[in-house]
Student: 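Pasting a structure below so you can have a look.
As a basis for the values below, the full set of heavy atoms in this structure was taken, side chains included, without hydrogen atoms, waters or symmetry mates. In the text below, chain A, chain B and the rest are named by the order of the sequence lines, each starting its count at 1.
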There are 2 protein chains.
Amino acid sequence: MGIVLWHVTMSLDGFIAGPGDDMDWIFEYAGPSAVVDEVIRTTGAIVAGRHTYDVGRRDAGKASGAPYGGAWSGPIFVLTHRPQVGEEDPAITFVSGDIEGVVANAMAAADGKNVEVFGADVAHQALERGLVDEILVHIAPLLLGDGVRLFGRPGAARINLEPIAVTRAEKVTDLRYRVVR
Amino acid sequence: MGIVLWHVTMSLDGFIAGPGDDMDWIFEYAGPSAVVDEVIRTTGAIVAGRHTYDVGRRDAGKASGAPYGGAWSGPIFVLTHRPQVGEEDPAITFVSGDIEGVVANAMAAADGKNVEVFGADVAHQALERGLVDEILVHIAPLLLGDGVRLFGRPGAARINLEPIAVTRAEKVTDLRYRVVR
């Protein structure tokens with residue numbers, strides 16, 4: 001069975017999107033990366049939030065419109081109470097309910113590969129329920145100063161991590177951690 | 001002449017202090033570090049915010065009470081309009097006015113070594129005025145989820161960075177960047 005991985009790119013100051021959900025800066029730093037290639041190869045299913053889905057739709061046709069710019073394909077579960085009418089991509093399923101059940105279903109669909117969680121809200125829910133095994137963070141070399149934060153809410157419980165690997169691809173630093181439960 | 005360095009430890013999710021300005025978690029990860037030793041050796045003066053000073057006073061006697069747990073000594077300029085009455089440490093000078101002048105004075109006092117900026121407020125002021133040459137961030141392996149953020153305010157301008165070095169000491173990852181002006 002695979003693991004549950006939160007895979008995310010952030011600015012050094014901890015933003016995963018700029019103001020207005022801007023994702024374009026991420027692609028300024030995109031380049032050949034053995035770490036990303038490995039993620040694409042080992043991911044069997046994705047669980048995404050509705051917001052991530054909406055930003056992807058908005059950016060359709062841009063590199064940020066599809067997971068890994070289209071380099072990955074597989075089942076995508078979008079957690080929402082408002083399924084998008086007219087979505088024609090058969091890979092996309094709208095789901096609702098408990099994050100635990102959603103991740104379990106995604107794990108079954110991943111067929112032995114990993115499940116990736118996409119988007120701050122879904123990742124936080126999964127983390128707080130102890131469902132995330134590893135976090136892979138690409139740190140892009142900039143301070144955004146404003147936008148969507150990686151993590152955080154008042155009163156959040158501290159989560160300990162165990163470093164697995166530090167690598168660097170061009171100007172981006174890749175940090176991989178195991179979540180300590 | 002030295003450089004102006006912002007030296008800071010943060011959680012992976014971008015907090016430099018926990019709720020209630022808790023700094024104790026930082027010392028859970030403290031250990032031998034060639035990178036920190038080099039900073040101690042090359043720093044000639046520190047510019048700190050009043051808040052950082054207050055937290056240091058609160059934590060007096062603890063490892064977080066003095067810069068580098070007492071392993072460094074030299075002039076410390078505390079930027080404030082409210083000088084602390086009864087401060088007896090001759091190394092501490094309370095200053096006010098423009099951050100540019102304060103950093104210039106600290107640079108003169110550093111006598112060829114580097115000036116370090118300490119504390120989110122002072123670091124942000126210095127960064128936004130283009131006074132910071134390099135940023136050294138130690139990433140501790142945890143998600144704090146709540147507390148004081150490394151950086152960020154609505155409408156902040158993006159700041160580009162150039163990676164200089166990535167190193168690792170025990171569980172902490174050290175990222176050093178040059179600020180692109």
Side-chain angles (χ1 to χ4, degrees), chain A residues 6 8 10-16 18-20 22 24-25 28-29 120 123-124 127-128 132 134-180, chain B residues 6 8 10-16 18-20 22 24-25 28-29 120 123-124 127-128 132 134-180:
Chain A
W6 182 17
V8 66
M10 73 174 197
S11 61
L12 179 65
D13 53 343
F15 291 96
I16 61 174
D22 174 32
D24 290 348
W25 54 277
E28 294 173 34
Y29 304 104
H124 297 181
L127 259 175
E128 297 194 336
V132 177
E134 295 184 14
I135 303 177
L136 172 61
V137 178
H138 305 295
I139 299 187
L142 79 167
L143 299 170
L144 275 173
D146 193 7
V148 180
R149 300 278 192 180
L150 176 74
F151 193 70
R153 61 168 181 75
R158 165 180 168 170
I159 294 170
N160 291 316
L161 308 171
E162 189 73 36
I164 297 174
V166 179
T167 51
R168 196 170 139 181
E170 310 251 332
K171 294 183 177 184
V172 174
T173 304
D174 311 312
L175 305 178
R176 190 160 182 149
Y177 296 91
R178 190 173 57 77
V179 178
V180 178
Chain B
W6 182 18
V8 66
M10 74 174 197
S11 61
L12 179 64
D13 52 343
F15 292 95
I16 61 174
D22 174 32
D24 290 348
W25 55 277
E28 294 173 33
Y29 305 103
H124 297 182
L127 258 176
E128 297 194 336
V132 177
E134 294 184 14
I135 303 177
L136 172 61
V137 179
H138 304 295
I139 299 187
L142 80 167
L143 300 169
L144 275 173
D146 194 6
V148 180
R149 300 278 192 180
L150 176 76
F151 192 71
R153 61 168 182 77
R158 166 179 167 169
I159 294 170
N160 291 316
L161 307 171
E162 190 73 37
I164 296 173
V166 179
T167 51
R168 196 169 140 182
E170 309 253 332
K171 294 183 176 184
V172 173
T173 305
D174 311 312
L175 305 178
R176 189 160 182 147
Y177 296 91
R178 190 173 58 75
V179 178
V180 178

Student: Answer with side chain, backbone, both or neither: which region of Tyr177(B) has an atom nearer than 4.5 Å to a non-hydrogen atom of chain A?
Tutor: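 The side chain, not the backbone.
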Student: Identify which part of Arg168(B) has an atom lying under 4.5 Å from any heavy atom of chain A, answering side chain, backbone, both or neither.
Tutor: side chain
Student: With a 4.5 angstrom heavy-atom cut-off, which part of Pro19(A) approaches chain B: side chain, backbone, both or neither?
Tutor: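 Pro19(A) has no heavy atom closer than 4.5 Å to chain B.
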Student: Relative to chain B, which of Glu170(A), His124(A), Arg153(A) shows the most heavy atom pairs under 4.5 Å?
Tutor: Arg153(A)
Student: CZ/Arg149(B) to CZ/Phe15(A) distance, rounded to the nearest 0.5 angstrom?
Tutor: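 Interatomic distance, Arg149(B) CZ to Phe15(A) CZ, rounded to 0.5 Å: 7.0 Å.
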Student: With a 4.5 angstrom heavy-atom cut-off, which part of Leu12(A) approaches chain B: side chain, backbone, both or neither?
Tutor: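 For Leu12(A), the contact with chain B is made by backbone and side chain together.
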Student: Report which part of Glu28(A) has an atom under 4.5 Å of a heavy atom belonging to chain B: side chain, backbone, both, or neither.
Tutor: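 Looking at Glu28(A), just its side chain touches chain B.
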Student: Given heavy-atom pairs under 4.5 angstrom as the criterion, report whether the side chain, backbone, both or neither of Leu150(A) touches chain B.
Tutor: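 For Leu150(A), side-chain heavy atoms alone lie under 4.5 Å from chain B.
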Student: Measure the shortest side-chain to side-chain distance between Asn160(A) and Trp25(B) over non-hydrogen atoms and say whether it is less than 4.5 angstrom.
Tutor: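 Answer no - side chains too far apart.
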Student: Side chain to side chain contact (heavy atoms under 4.5 Å, CB included) for Ile159(A) and Asp13(B)? Distances and angles first, verdict last.
Tutor: CA-CA 10 Å; Ile159(A) 294 170; Asp13(B) 52 343; over 6 Å; no
Student: For chain A, which candidate among Gly152(B), Ser11(B), Pro141(B), Ala140(B) shows the most heavy-atom pairs at distances under 4.5 Å?
Tutor: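 If we count pairs closer than 4.5 Å to chain A, Pro141(B) comes out on top.
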Student: Which answer fits Val137(B), side chain, backbone, both or neither, if we ask what part of it has an atom under 4.5 Å from a heavy atom of chain A?
Tutor: side chain
Student: Highest number of heavy-atom pairs under 4.5 Å with chain B: which of Gly145(A), Ala156(A), Gly18(A)?
Tutor: Gly145(A)
